[in-house]
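Everything numeric here is computed off the predicted structure, so don't read it as measured data. Quick note: numbers below take in every heavy atom, side chains included, and nothing from hydrogens, waters or symmetry partners.
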Amino acid sequence: MALFFVQPIALGSWLAMIPTVQSTLGLSKATLALALLGSPIALLPILQVAARAIDRVGVRRMFAIFFPIQIVALALPFFAWNAVSLFFALAAVGSVVAFLEVGLNLYAGRYEKRTGAMIMSRSHGYWAAGLGVGSAIATAVNGIDPRLIQIALALISGLAGMWVTRSLVRLEPDTSQQSTARRRLTSFPKVVWMIGAGMCFVTMAEGAMNDWGALYMTERFYSGETVMPNFGAGFAVTVFALCLAGGRLIGDALRNALGSVLLARVTIGSAVVGLSVIVLSATPIVALVGFALIGFGVSASFPLGVSAVAALDDENEASNIAFMSTVALCGFLLGPPMIGFIAEGYGLVIALSALGPGLCLSFLLASGLRVGRESE
């Protein structure tokens with residue numbers, strides 16, 4: 001859980017300072033959207049090999065390798081000088097995050113299976129808390145050189161990750177007994193596709209709030225401000241991330257009480273309501289209520305999905321998690337550029353409204369989470 005917390009701290013500060021980078025580089029919404037594609041374009045193919053690489057070298061060794069690399073990668077976007085360089089900087093971020101995300105989810109999934117304890121949602125709660133802490137720090141110290149803030153947080157995140165990794169219990173089986181063969185897409189069970197599709201639309205909303213939340217608040221409520229406009233705008237990301245964290249921290253208890261399917265539908269329903277509040281809000285306070293509702297609303301689905309596909313079988317747990325994570329991260333990373341392209345022509349209110357149909361579909365696809373013990 002400590003690793004889940006420290007890994008995204010510098011990522012959270014980047015998300016809160018996207019408006020600053022956009023303004024500094026003079027990028028339009030569409031150009032920024034193209035630059036944001038750097039991360040998914042790099043991350044998605046890397047995810048296909050991350051599971052096999054982790055199987056070969058082990059989860060703990062992979063953390064020891066990639067936490068130091070993340071220190072450099074997460075500082076790169078703040079040294080971009082145009083949209084093209086920002087694209088490649090974010091591509092580097094996506095490549096590194098791919099290995100860490102698969103490793104974190106694989107380790108948590110194995111822990112649940114080995115011990116019988118429900119810890120996936122809480123683990124992701126700490127991830128969201130780390131994201132919120134990073135964005136809160138970046139927002140609170142507005143006025144300091146963003147490069148210094150990012151370098152400091154990247155160092156804290158990377159060094160803490162290296163230190164915590166040393167304390168992890170060894171869970172992976174002997175590497176000689178692990179299956180690292182490449183699987184065809186047609187070999188994945190239909191339920192994995194179903195779960196992945198549902199997660200895709202939920203994480204699309206999560207990514208959109210992370211990347212466009214501050215810009216939405218700036219454009220809607222703070223465009224005329226001349227004194228610290230990013231403070232109020234960045235606070236939207238903090239509220240969203242902390243409510244996301246809160247939902248996940250109580251998610252394991254809610255899962256035990258409600259079951260995976262009902263919990264997913266309750267939270268996704270909250271996300272639909274929160275999105276409606278955001279796009280219809282007339283004041284910043286009302287909009288923040290919407291960010292809180294949608295933060296709680298997208299909190300449970302991804303941890304539930306990881307637990308579900310990990311529970312399907314022992315032999316293919318790594319590839320199942322990697323595949324589901326790939327599909328889900330398609331939404332998380334492709335959603336923000338999609339929002340940017342729509343916003344360029346129709347504005348952010350209409351662009352964010354486009355997330356609604358996908359969330360409603362995820363509500364229906366939640367029935368696929370009834371696997372393992374819950375299906376008996």
Can I get a per-line list of side-chain donor-acceptor pairs under 3.5 Å for residues 330-356, giving both atom names and the distance, sequence neighbours left out?
from: E344; atom 1: OE1; to: K29; atom 2: N; distance (Å): 3.2
from: E344; atom 1: OE1; to: A30; atom 2: N; distance (Å): 3.0
from: S353; atom 1: OG; to: V349; atom 2: O; distance (Å): 2.8

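Side chains of M162 and L159 form a contact here, defined as non-hydrogen atoms less than 4.5 Å apart. In this structure the side chain of N105 reaches within 4.5 angstrom of the side chain of M120, judged on heavy atoms. Under the 4.5 Å side-chain criterion, counting only non-hydrogen atoms from C-beta, I151 is in contact with F79. Two residues are said to be in side-chain contact when any heavy atoms from C-beta on lie closer than 4.5 Å; L100 and F67 meet this criterion.
Under the side-chain hydrogen bond (donor to acceptor under 3.5 Å, both in side chains) criterion, Q150 pairs with S13, sequence neighbours left out. Contacts of S23 classified as side-chain hydrogen bond (donor to acceptor under 3.5 Å, both in side chains), with partners at least two apart in sequence or in another chain: none. By the salt bridge (Lys or Arg N to Asp or Glu O under 4.0 Å) test, R265 pairs with no residue at all, sequence neighbours left out. Residues satisfying the ring-ring contact (aromatic ring centres under 6.0 Å, His included) test with F78, not counting sequence neighbours, are W14. For T165, the side-chain hydrogen bond (donor to acceptor under 3.5 Å, both in side chains) test picks out no residue, with sequence neighbours left out. Remark: Q7 engages Q70, W127 in a side-chain hydrogen bond (donor to acceptor under 3.5 Å, both in side chains) (not counting sequence neighbours).
In the model, S270 has no side-chain atom that pairs as donor or acceptor with a side-chain atom of T267 under 3.5 Å.
The shortest heavy-atom contact between A129 and A245 is N-CB, 3.3 Å.
For the salt bridge (Lys or Arg N to Asp or Glu O under 4.0 Å) condition, the pairs that include at least one residue of residues 191-209, sequence neighbours left out, are E206-R248. The salt bridge (Lys or Arg N to Asp or Glu O under 4.0 Å) contacts involving residues 139-150 comprise nothing, where partners must be two or more places apart or lie in separate chains. For residues 257-308, every residue pair satisfying the ring-ring contact (aromatic ring centres under 6.0 Å, His included) rule, not counting sequence neighbours, is listed here: H124-F302. For residues 89-109, no pair satisfies salt bridge (Lys or Arg N to Asp or Glu O under 4.0 Å), with sequence neighbours left out.
Using a distance-only test at 3.5 Å, with no hydrogens or angles considered, a donor-acceptor pair links the side chain of S85 to the main chain of N82.
Cluster note: L293 groups with V273, V277, V286, V289 through ILVMFWY side-chain heavy atoms spaced under 4.5 Å, whether in direct contact or through intervening members.
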